[in-house]
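So the structure is just underneath, and the comments pick up after that.
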Amino acid sequence: MKARDNGDVPSSGRVHLDTLSEAIVNLAINPTTKALTQEDYFEPAAYLAMDQVDTDLGSGGLVLPDENVFSGTGVNGIAIACGKASVCFVVNRDNLGGYKMGTAAGDAVIQEFSPPSKQPVPLC
Amino acid sequence: MQRTGLSMVNGAIYAGFASHCDFYNYTGWIVGMSTSGNILTVYATMGGSGSQPQDGSWNGGGGGGGVWYLIFFFLSSSELSISLVEKYETCSRLFVLKRNMFLKRLHLGWEVLRFLQTDRIGSSSRLGMD
């Protein structure tokens, strides 16, 4: 069973992907036509397992902290997304991380963490 | 599958849509409309047999609200906007209203899709999603 349209293999976020469930996606807007084009994405290495048990990343939304406060060496801005798996992903806004691009085909993100209580992110 | 809120960028209002409980080819849509109701642009992805059952291209599983939000937006009045504020404050979601009560930045969390505001990133108009 393939996990995704581009195959269950490490993929750059810069390569177009159609199966964008469980993903953080960066779309560019053409300022004239308002048209959208896919620029970058991050999809967790656990995408397949998450999707099968409905622990949707998209359920938690995305936070874009003020880049004047939240930045670091080589990182101008971050984004944080938490989903029903009770895992939060901190990613580089300008290089979201693709799919399995990290060490040992893991997530190429700045940090992953779970809320201390291990409780799922509240849904509504 | 409508977890996305609305985002207004450079005068275009963007809303995202996906599918749920169906079979491929799954599709995900983002529609950009003008404040007068004209469709300016439509962006779509279509996932084939590589995608999972019940898997909307923009978000798998679960449910959410959003389509009706677009409709309400164009009917917007101060009263209506306030009622939406109250509704979403109960969900602990963050969003900002412009003075004219139009929804400028929605951060409702229905979808990881999230647009960067142009006033923070200049005229390049890149948006980030969530």
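Chain identifiers are assigned alphabetically (A, B, ...) following the order of the sequence lines, protein sequences preceding nucleic acid strands; residue numbering begins at 1 within each chain. Values in this document were obtained by computation on a predicted structure and should not be read as measured data.
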B:L40 CG to A:I29 CD1 distance, which is reported to the nearest 0.5 Å =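 The CD1 atom of A:I29 is 11.0 Å from CG of B:L40, to the nearest 0.5 Å.
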Answer yes or no: is there a donor N or O on one side and an acceptor on the other, between the side chain of A:K34 and the main chain of B:N10, under 3.5 Å?
->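 Yes, because the side chain of A:K34 sits within donor-acceptor range (under 3.5 Å) of the backbone of B:N10.
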Report yes or no: do [X] and [Y] belong to one cluster of Ile/Leu/Val/Met/Phe/Trp/Tyr joined by side chain heavy-atom distances under 4.5 Å?
X: A:V25; Y: A:V15; value: no
X: A:L64; Y: A:V91; value: yes
X: A:M101; Y: A:I110; value: no

Passes side-chain contact (heavy atoms from CB on, under 4.5 Å), B:Y14 versus A:L27? Steps please.
-> CA-CA 11 Å; B:Y14 293 91; A:L27 294 177; over 6 Å; no
